[in-house]
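Only one structure is covered here, and it is reproduced in the block below.
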2 protein chains.
Amino acid sequence: MLYHDYPGQVCSIASSLELVGERWSLLIIRDIFRGRRRFDQIQSSLGVARNVLTARLTRLVEEDVLEKRPYQTNPERYEYFLTQKGLDLWPILMAYLGWGDKYCEPEKGKPRLIVHKGCGGEIDDRRICQKCGKPLEVREAESIPGPAEPHPEEVLQAARA
Amino acid sequence: MLYHDYPGQVCSIASSLELVGERWSLLIIRDIFRGRRRFDQIQSSLGVARNVLTARLTRLVEEDVLEKRPYQTNPERYEYFLTQKGLDLWPILMAYLGWGDKYCEPEKGKPRLIVHKGCGGEIDDRRICQKCGKPLEVREAESIPGPAEPHPEEVLQAARA
DNA sequence: GGTAGTGAGTTTCTTCAAGAAACCCTTTGT
DNA sequence: ACAAAGGGTTTCTTGAAGAAACTCACTACC
């Protein structure tokens with residue numbers, strides 16, 4: 001069986017997990033949200049095995065969560081973009097982010113902040129701007145480094161270790 | 001390695017997925033949200049292998065997402081409850097539910113509805129009551145069967161097939 | 001008093017997915 | 001001509017998931 005499946009479960013949570021609940025899927029999607037669009041960018045940022053990344057990208061394209069667009073020919077090379085279905089996963093990522101910020105090493109501060117573009121207010125896990133109170137859509141948000149964001153050298157060191 | 005881990009990722013999404021991103025974890029938690037508290041209830045509802053269920057429950061208790069309380073001695077038997085940390089996963093479940101309702105067989109209608117206790121209004125993926133407009137907490141919500149909820153006989157048939 | 005059933009696991013064995021590393025192919029740069 | 005970059009594919013090894021059987025301490029039934 002190629003995919004996770006949860007036989008006998010009639011439940012939108014289970015169905016969602018069949019599509020994006022496999023190992024790495026959501027992190028790949030998060031990477032694409034942050035603007036990484038090419039195979040090697042994603043591979044080196046996550047450290048996922050290349051064959052697994054190929055399998056995940058192929059599946060996510062099939063399921064219409066991602067779309068691949070050629071950016072050159074000879075050889076054909078593609079970039080991966082989120083479809084509307086993929087963009088709509090934003091609430092799930094925000095929910096994980098909120099929970100992780102609260103429970104995974106909160107003493108270190110948040111690794112990243114999600115803010116309202118222009119306004120600059122921080123966005124909570126209901127996707128509401130804490131400054132202006134507006135309920136926001138994906139395109140009104142941007143991700144910026146937070147207090148616990150590691151410096152590039154630290155990332156390189158961790159990668160070598 | 002017993003757990004998923006995502007080495008080198010300093011990110012609240014990745015950290016959350018290390019705790020609850022393994023196969024079955026979130027569905028086990030969903031089951032407990034719906035009031036299933038005992039090993040065999042969860043096992044037969046999900047069809048997860050028993051050894052895997054043991055491993056997940058043990059881990060979730062260790063990580064303080066679940067708490068086990070004895071309900072009889074000789075032999076000792078436990079029920080599993082959500083801690084506050086576990087209850088705080090509700091936004092993640094609601095986000096998956098919203099996405100699944102929208103994209104996984106929406107023509108069939110929703111398998112379950114999450115409604116505002118007392119008020120009866122449906123709750124959206126921002127956890128806001130669609131009827132009275134109030135932002136809700138977990139304890140103000142309840143899960144009821146929706147139009148696509150299968151009848152008990154159908155569930156039994158599916159289990160036999 | 002023997003037998004069956006239940007609840008919650010544990011053990012064993014098999015299968016499938018993930019990880020690591022090497023290889024491939026085409027183009028660009030030197 | 002040779003190396004490097006980009007985006008994979010192949011192969012092999014390890015680790016996790018699934019299925020089924022076994023355990024143990026009761027309880028309830030005939």
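Each chain gets a letter, A, B and so on, in the order the sequences are listed, and its residues count up from 1. Because only heavy atoms are used, hydrogens play no part in the values below, and waters and symmetry mates are left out as well, while side chains stay in.
- When the nucleotides D:dG7, C:dA18, D:dG18 are ranked by their closest atom to the side chain of A:Val52, C:dA18 comes out on top.
- Through side-chain heavy atoms spaced under 4.5 Å, either directly or across other Ile, Leu, Val, Met, Phe, Trp or Tyr residues, A:Ile128 is tied to B:Ile128.
- Side-chain proximity of B:Ala49 to the nucleotides C:dA18, D:dG18, D:dG7 is greatest for D:dG18.
- The base of C:dG7 lies close enough to the side chain of B:Arg77 for a donor and an acceptor atom to sit less than 3.5 Å apart.
- OP1 or OP2 of C:dG9 sits under 4.0 Å from a side-chain N or O of B:Tyr80.
- C:dG9 atom P lies 12 Å from atom CD of B:Gln43, rounded to whole Å.
- The distance between atom CG of B:Asn51 and atom P of D:dC22, rounded to the nearest whole Å, is 16 Å.
- For D:dG8, the OP1/OP2 oxygens have no side-chain nitrogen or oxygen of A:Arg38 closer than 4.0 Å.
- No hydrogens or angles considered: nothing links the side chains of B:Thr83 and B:Asp64 as a donor-acceptor pair under 3.5 Å.
- Atom C1' of nucleotide D:dG18 and atom CG of B:Leu53 are separated by 13 Å, given to the nearest angstrom.
- On a pure distance criterion of 3.5 Å, no polar donor-acceptor pair joins the side chain of A:Arg50 and the base of C:dG19.
- Between the CG atom of B:Asp40 and the P atom of C:dG5 there is a distance of 15 Å, given to the nearest Å.
- Exactly one of B:Arg38, B:Arg69, B:Lys68 qualifies for a salt bridge (charged side-chain N to carboxylate O under 4.0 Å, His left out) with B:Glu79. That residue is B:Arg38.
- If you measure from atom OH of A:Tyr71 to atom P of C:dT28, you get 12 Å, rounded to the nearest angstrom.
- Legend: residues meeting side chain to side chain contact (heavy atoms under 4.5 Å, CB included) with A:Val52, ordered by chain and number and at least two apart, are A:Trp24, A:Val48, A:Ala49, A:Arg56.
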